[in-house]
Structure formats: structure tokens, C-alpha cells
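Note that ligands are numbered from 1 as they come in the structure, with each ligand's atoms numbered from 1 the same way. Note that these values count all heavy atoms, side chains included, but never hydrogens, waters or copies made by symmetry. Positions are given from 1, in the same order as the sequence printed here. Since we're looking at a predicted model, the values are computed, not measured.
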Amino acid sequence: MRLINILPLLPLSALGAPTDSDADQLDKRQVYGVTSKYCSTASGGLCYLQYFVSQNSPTYRIAIPSDATQNSAYDVVLQVIAPNALGWAGFAWGGSMINNPLTVVWPNGQSGQATASSRWANSRTLPTVYTGATLKTLSSSRNGTHWSVEVACTGCSKWNNRGLNLNGPSTFSWAFSTNQVQNPGNSGSSFAVHTSSGVFSQPLDYGKNTKTVFTNYINKKP
Ligand code: HEM
Ligand SMILES: *[C@@H]1O[C@H](CO)[C@@H](O)[C@H](O)[C@H]1NC(C)=O
């Protein structure tokens, strides 16, 4: 049929493929997702850069203080909302499995408790515990469909001579597994390789918060 001949000339958007106005900045490994600004009254007005791929993947939300400066140490907040089918979910602050801080979270039992683990990988094998970043669990929960964990991280904004980009897009990556970790109550637990992983790039602007809002939020929690 003749129509087929013109299809390659059409922009992808005409075929309903996902588009992104920042497409030329995207990493080749990019997994299409939807980024947006998410603000929560339950979080004292805290706003996050939210990244959503699909109902079967975790949603990741990142918040930072607006007075943060490039390559300096400042606390960051990460919220992960995962379908109950997932055993663990990981977030890589520099966009790669290796050579950047990894924050890995998983549920611990059926009652909403969770474990957060700071990790680092020098190779693509089980990441080891990373003491260069420390995590404080702000909240965790579980219902019939999802488990969720929110942490404040000290040490995830900068590492070696790199850090989150505050002057343009930051590249993050994520991974998760449908298998549970070996010892859910232990932040040093081993676990098996991801069943899915991906990358996205986005400026952190959506997740910037006044210092007061940010500090009040991370300090009011246990
Ligand atoms: C037992 C633990 C793990 C093992 C054995 C493992 C192994 C691997 C291997 C072999 C690859 C390259 C092949 C591929 O692309 O599939 C890979 C890629 C990847 N892994 Fe892991 N991984 C583990 C945990 C993690 C964790 C906790 C994260 C946290 C975010 C992570 C993030 C990624 C990402 C984003 C990629 C693709 C991009 C890249 O290579 O940086 N992995 N992993
Ligand atoms: C279950 O928990 C998730 C994450 O907190 C939330 O987004 C969702 O609305 C909750 N579902 C119900 C039915 O309460």
C-alpha cells in the first residue's frame, strides 16, 4: 500500500511516539518516562522532580534545597513508590550503575516497614555498602498495591569530583528487581541483579525547595 512509503518521512510524533522537548539532550540509554513537578501538602509543601515510566515500575521523586551549589555537600530527598510485585528498587545519583552513589530500598515485611541501603559499585556486580553517603528513612508505607520509602541522603549530591548538575540536566538511572532481597531487615543484604534498568536526564528545577521548607521537612521526621 502506498501510504507505507511516506511513513519514514513523518516525524515520530505523528505516529504517537513519546516526545520530549529536551530530546536532543537525552542519553542514548534513555528510557522514555514522564517527568513532572509534584508538590505534596502532606510533605509540608515540599516539591519534587517526579519521574514515572509505567504502572509496573517505581515512581521516583527527588527534592533538593534551592540554596544548593554545584559539587557541594547538601542533603537530598528521594521518595520511591513501587508496585508490590517488586523486591527492591535502586536509584543511581550519577546516571550509571558504577562509580556513583546508589540508593537501594526494599520493603521489610507486610506492615509498611522498609530498609534503605547506601551502595557503591566499581563493577557491574552486587554493589557494596557505601559509607560515603548516609540515609535517614523519613517514612515508609505499604498498602494493597504499593510499598513506598522516603529517605534523606547526606552524601548523594557529590562524589569524587562529580556531583548533581544544578545548571542543566542531571542524568539519573534506576534499576529494580521482581525478586526479593535475601535479608530484608539488613541494609547490607545481598540481592540478585535487576530485572529492569533505565536512565533519564532532567534538570532538578522541579525539585528545588526553599531552604526552610526543605530543612523543616527532613528534620521534623524521626
Ligand atoms: C546484584 C546486584 C547487581 C548486579 C549483579 C548488576 C549487574 C549489572 C550488569 C551485568 C549490567 C550490564 C548489563 C545490562 O545492562 O543489563 C548492569 C547494568 C546496570 N545496572 Fe546493575 N547490577 C546490580 C545492581 C544494580 C543496582 C543496585 C543498581 C542501582 C541503580 C543498578 C543499576 C544499573 C544500571 C542503571 C545499569 C545500566 C546502565 C549502566 O550500566 O550503568 N544495578 N548491572
Ligand atoms: C497505595 O500507596 C501508594 C503509595 O503511597 C499511593 O500512591 C496509592 O494511592 C495508595 N493506594 C490506595 C488505594 O490507598
* **Element-labelled atoms of ligand 2 that are located less than 4.0 Å from some non-hydrogen atom of N143** => 1 (C), 2 (O), 3 (C), 8 (C), 10 (C), 11 (N), 12 (C), 14 (O)
Heavy-atom pair of closest approach, residues [X] and [Y]:
X	Y	value
Y74	S157	N-OG, 3.1 Å
V80	P58	CG1-CB, 4.0 Å
N108	P184	OD1-CB, 3.6 Å

Need the ligand 1 atom indices (1-based, order shown) with element for anything under 4.0 Å from a heavy-atom of [X].
X	value
V104	27 (C)
S96	41 (O)
L126	1 (C), 2 (C), 5 (C)
P127	2 (C), 24 (C), 27 (C)
A192	1 (C)
S173	35 (C)

* Has ligand 2 got any nitrogen or oxygen that is less than 3.5 angstrom from a nitrogen or oxygen of H146? -> no
* Can you run down the salt bridge (charged side-chain N to carboxylate O under 4.0 Å, His left out) pairs that involve residues 180-192, sequence neighbours left out, and say none if there aren't any? => none
* Asked: Taking atom 28 (C) of ligand 1 as the point of reference, which of A175, A92, P101, A121 owns the nearest heavy atom?
  -> A175
* May I ask which of R119, M97, R124 has a heavy atom nearer to atom 32 (C) of ligand 1 than the others do? => M97
* Residue list, salt bridge (charged side-chain N to carboxylate O under 4.0 Å, His left out) with K211, at least two apart or on another chain -> D67
* Kindly indicate, with the supporting measurements, whether the criterion side chain to side chain contact (heavy atoms under 4.5 Å, CB included) is fulfilled by F214 and I218. => CA-CA 6 Å; F214 187 85; I218 63 174; 3.8 Å; yes
* Asked: Between T115 and S187, do the side chains contain an N or O donor and an N or O acceptor separated by less than 3.5 Å?
  -> no
* Are a donor atom and an acceptor atom from the side chains of Y130 and W159 found within less than 3.5 Å of each other? -> no
* To do: Using the side-chain hydrogen bond (donor to acceptor under 3.5 Å, both in side chains) rule, pick out the option among K208, E150, R61 that qualifies with Y48.
  => E150
* **Heteroatom proximity flag, G90 to ligand 1, N/O under 3.5 Å** => no
* **Heteroatom proximity flag, H194 to ligand 1, N/O under 3.5 Å** => yes
* Asked: What protein heavy atom is closest to atom 4 (C) of ligand 2, reported as residue, atom name and distance in Å?
  -> I81 CG2, 3.5 Å
* To do: Kindly state if atom 14 (O) of ligand 2 has a protein heavy atom within a strict 4.0 Å cut-off, that is, under 4.0 Å?
  => yes
* Could any protein non-hydrogen atom be found less than 4.0 Å from atom 11 (N) of ligand 2? -> yes
Is ligand 1 under 4.0 Å from a heavy atom in the side chain of [X], in the backbone, in both, or in neither?
X	answer
F191	both
S197	side chain
S190	neither

* **Any donor-acceptor pair under 3.5 Å from S148 side chain to S140 backbone** => no
* May I have the step-by-step check of side chain to side chain contact (heavy atoms under 4.5 Å, CB included) for S196 and W174, ending in yes or no? => CA-CA 8 Å; S196 187; W174 51 268; 3.8 Å; yes
